[in-house]
Amino acid sequence: MLSFPSTLRIFIALEPCDLRAGMNTLHAFVADKLKENPKDKALFVFTNKRRRLIKVLHFDGTGLWLMTKRLEEGTFFWPKAAQEGQVKLEFKPEAFTMLTDGIDMHGARPRGWYER
């Protein structure tokens, strides 16, 4: 199980990508399509059309990480754009952990008493 600090920014690319792409292509995608600085200490998460594979790009200050997870069965939950033209969504680390653990978040919401 992965864990991340609550201050870490996590961006989900809403549209599927060709995940044969490597670090350089995803780095360019972050800058060109997501309009974010790939060298920010953030996670940038991508999936393919079938949503059985994710790649995560992360610059830790010393170098670029590329992490991959492939599901043996089923698919990853993937959010849809709320507005036309929306290309990314910012996730909290807890939501990202649920995504990577295979939890379907459709219809999920925090309880009214839960405040941070």
Side-chain angles (χ1 to χ4, degrees):
M1 176 158 134
L2 300 171
S3 71
F4 301 101
S6 62
T7 57
L8 182 65
R9 297 183 74 197
I10 301 170
F11 295 98
I12 307 293
L14 295 176
E15 294 185 19
C17 301
D18 181 355
L19 290 187
R20 294 175 290 181
M23 284 184 186
N24 294 333
T25 303
L26 293 175
H27 187 276
F29 189 90
V30 169
D32 297 341
K33 301 282 186 188
L34 302 184
K35 306 293 187 212
E36 294 290 334
N37 181 356
K39 290 193 175 179
D40 281 350
K41 292 184 181 177
L43 297 181
F44 300 97
V45 186
F46 307 91
T47 192
N48 58 352
K49 284 184 183 179
R50 292 179 19 195
R51 297 189 343 260
R52 293 194 62 185
L53 181 70
I54 61 171
K55 283 192 175 182
V56 180
L57 192 69
H58 175 61
F59 183 76
D60 67 1
T62 62
L64 199 59
W65 286 82
L66 183 60
M67 298 168 265
T68 304
K69 182 171 183 176
R70 182 188 69 211
L71 292 177
E72 294 302 317
E73 32 182 279
T75 59
F76 287 103
F77 154 81
W78 211 256
K80 298 192 184 316
Q83 306 164 2
E84 189 169 327
Q86 184 180 10
V87 295
K88 67 184 175 196
L89 186 64
E90 190 166 358
F91 261 29
K92 293 184 182 275
E94 299 86 2
F96 176 67
T97 299
M98 288 190 283
L99 182 144
T100 60
D101 286 347
I103 296 172
D104 185 349
M105 293 182 284
H106 288 101
R109 64 187 192 287
R111 294 182 177 166
W113 53 262
Y114 183 76
E115 288 289 329
R116 268 219 146 154

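Because the structure is a prediction, the values reported are computed rather than measured.
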Exercise for the section: Taking salt bridge (Lys or Arg N to Asp or Glu O under 4.0 Å) as the test, write out the residues that go with Asp32, two or more places apart. Expected result: none

Problem - Heavy-atom side-chain proximity of Trp78 to Leu89 below 4.5 angstrom - result: no

Problem - Joint hydrophobic cluster, Leu43 plus Leu99, side-chain heavy atoms closer than 4.5 Å - result: yes

Fill in the blank from the handout: On a heavy-atom basis, the closest approach of Phe11 and Glu90 is CE2-OE1, 3.8 Å

Problem - side-chain hydrogen bond (donor to acceptor under 3.5 Å, both in side chains) partners for Thr62, two or more places apart - result: Asp60

Exercise for the section: Give the cluster check for Val56 versus Leu53: same hydrophobic cluster or not, with ILVMFWY residues linked at side-chain heavy-atom distances below 4.5 Å. Expected result: no

Practice task
Any chance you could measure His58, atom NE2, to Asp40, atom CG, to the nearest 0.5 Å?
Solution key: 11.0 Å

Handout entry: Any Thr25 side-chain heavy atom under 4.5 Å of Phe29 side chain
Key = no

Practice task
Scan Ile12, Asp18, Val30, Leu14 and name whichever one has a side-chain contact (heavy atoms from CB on, under 4.5 Å) with Phe46.
Solution key: Val30

Handout entry: Non-neighbouring partners of Phe91 that pass ring-ring contact (aromatic ring centres under 6.0 Å, His included), sequence neighbours left out
Key = none

Fill in the blank from the handout: Taken to the nearest 0.5 Å, the spacing of Phe76 CZ from Arg52 CZ works out to 9.5 Å

Handout entry: Gap between atom CD of Glu15 and atom CG of Leu34 - 0.5 Å precision
Key = 9.5 Å

Exercise for the section: Report yes or no: do Leu66 and Phe96 belong to one cluster of Ile/Leu/Val/Met/Phe/Trp/Tyr joined by side chain heavy-atom distances under 4.5 Å? Expected result: no

Problem - Connected via hydrophobic side-chain network under 4.5 Å: Leu71 and Leu19 - result: no

Exercise for the section: Determine whether Thr75 and Arg50 make a side-chain contact, defined as any pair of heavy atoms from C-beta on separated by less than 4.5 Å. Expected result: no

Practice task
Mark yes when over 12 heavy atoms from residues, nucleotides or ligands other than Gln86 sit less than 6.0 Å from its CD; otherwise mark no.
Solution key: yes

Problem - Gap separating the OG1 atom of Thr68 from the CD1 atom of Ile54, nearest 0.5 angstrom - result: 8.5 Å

Problem - Atom pair NZ (Lys88) and NZ (Lys33), whose distance is rounded to the nearest 0.5 Å - result: 13.5 Å

Exercise for the section: Verify the cluster assignment for Trp65 and Leu26: are they in a single hydrophobic cluster under the rule of side-chain heavy atoms below 4.5 Å apart? Expected result: no

Handout entry: Atom pair OG1 (Thr100) and CE (Met67), whose distance is rounded to the nearest 0.5 Å
Key = 10.5 Å

